[in-house]
2 protein chains.
Amino acid sequence: MDIDLASRLGALADPVRLAIVGLLAGGERCVCDLQERVAVAPNLLSYHLRVLREGGLVRSARRGRWVDYRLDGDGFSSLWAALFAAGVPLAGQAVPAGRARPACEDPSGDA
Amino acid sequence: MDIDLASRLGALADPVRLAIVGLLAGGERCVCDLQERVAVAPNLLSYHLRVLREGGLVRSARRGRWVDYRLDGDGFSSLWAALFAAGVPLAGQAVPAGRARPACEDPSGDA
DNA sequence: TCGCCAAATCAATATCCATTGATTCAATGG
DNA sequence: CCATTGAATCAATGGATATTGATTTGGCGA
């Protein structure tokens, strides 16, 4: 992957950007369409779209005067894969029950 | 849920906290144990643990002089559920192929 | 070519968040 | 009690990030 896992997660960790992703979850939309639905200034919307783009979560394509955005399926897949590799319990994954190691000050073993 | 989705995601969007979660993925550990493995100052570790706690991702329990931390399975479950509800494509979910609506300026229909 | 429109970029500010150092709290043992 | 140890909190700083306003770029049509 190109950029840091924490940054890619951070790209998603914002209310405006979550709203954008939610809209794009319905399919491709042009910026002007998003603009009507996400109450932020046009340049700010552009900024958030750039963060999502640099996080590898969306892709853009110019269409005449307009620019269309859509979710990047590969970007999301690789994000979840990286989280899984980092040990983060994803949907449906159980969390381990016991200790990772004997308790500190436990005479039965430490390190 | 108690706190905002973006904040809960943000709780995970930090290299130190991802490292902590990765360690706790192996099972419960006391702070002193984490301390030996996550090169940050003790008070800073405490801070990051608090962010994770407030994000509902970990739980803590005092054991004598020590405090044990473990992942909160319900917290993670509800996080993924909230992301799913927001439309975010989770692992294994495909992103839609077409447009969410007819292209702007497309004579075949707009809104 | 001029003007317009959609979108992006730039520069500046404000706000938030990670980091630091010092202090406080809780539990234990002398 | 008092000293010690593990952990959390507090106050202050620095750096990053969101937001704003002004400017710029790309594409289209009169």
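Just so it is clear, the model here is predicted, and its values are computed rather than measured. Lettering follows sequence order; numbering is per chain, from 1.
Within a 6.0 Å radius of CZ in Arg99(B), other residues, nucleotides and ligands contribute more than 12 heavy atoms. Within 6.0 Å of CZ on Arg53(B) lie more than 12 heavy atoms contributed by other residues, nucleotides or ligands.
Neither OP1 nor OP2 of dG6(D) sits under 4.0 Å from any side-chain N or O of Arg62(B). Listed pair His48(A) / dT19(D) meets the phosphate criterion, a side-chain N or O lying under 4.0 Å from OP1 or OP2. At the phosphate of dA6(C), neither OP1 nor OP2 sits under 4.0 Å from any side-chain N or O atom of Tyr69(A). Contact between the side-chain N/O atoms of Arg65(A) and the OP1/OP2 oxygens of dA7(C) is not found at any separation under 4.0 Å. OP1 or OP2 of dA11(D) has not a single side-chain nitrogen or oxygen of Tyr47(B) nearer than 4.0 Å.
Computed from coordinates, the Leu45(A) CG to dA8(C) C1' distance equals 11 Å when rounded to whole Å. Spacing between atom CG of Leu34(B) and atom C1' of dA7(D) amounts to 12 Å, rounded to whole angstrom units. Rounded to an integer number of Å, the gap from CG of Leu52(A) to P of dA8(C) is 12 Å. One interatomic measurement links the two molecules: CH2 of Trp66(A) to P of dA6(C), which rounds to 8 Å at whole-angstrom precision. Put simply, CZ on Arg63(A) is 14 Å from P on dG27(D), counting in whole angstrom units. Leu44(B) places its CG atom 16 Å from the P atom of dC10(D), with the value rounded to the nearest Å. Atom CG in Asp14(A) sits roughly 13 Å away from atom C1' in dT15(C) (whole-Å rounding). What separates CG of Asp68(A) from P of dA6(C) is a distance of 14 Å, to the nearest Å.
Two residues are said to be in side-chain contact when any heavy atoms from C-beta on lie closer than 4.5 Å; Leu57(B) and Leu71(B) fail this criterion. In this structure the side chain of Leu18(B) reaches within 4.5 angstrom of the side chain of Leu83(A), judged on heavy atoms.
When the C1' atoms of four end pairs are superposed on the next four at each end of the helix from dT1(C)-dA30(D) to dG30(C)-dC1(D), using five pairs per end, the two resulting axes differ in direction by 10°, to 10°.
Summarising the geometry of Gly55(A) relative to Ala11(A), their closest heavy-atom pair is CA-CB, 4.3 Å, with the distance given to 0.1 Å.
Map Gly64(A) and Ala13(A) each onto its nearest nucleotide of DNA chain D; the residue landing nearer the 5' end is Ala13(A).
In the model, Ser78(B) has a side-chain atom that pairs as donor or acceptor with a side-chain atom of Arg8(B) under 3.5 Å.
You'll find that the side chain of Arg17(B) is closest to dA18(C), out of dT9(C), dT9(D), dA18(C). Picking from dG21(C), dT9(C), dA7(D) the nucleotide with the shortest atom distance to the side chain of Asn43(B) gives dG21(C). Distances were taken from every side-chain heavy atom of Val16(A) (C-beta onward) to each of dT19(D), dA8(D), dA7(C); the shortest belongs to dT19(D).
By the criterion of side-chain heavy atoms lying less than 4.5 angstrom apart, applied directly or through intervening Ile, Leu, Val, Met, Phe, Trp or Tyr residues, Trp66(B) is not grouped with Leu52(B); the two fall into different hydrophobic clusters.
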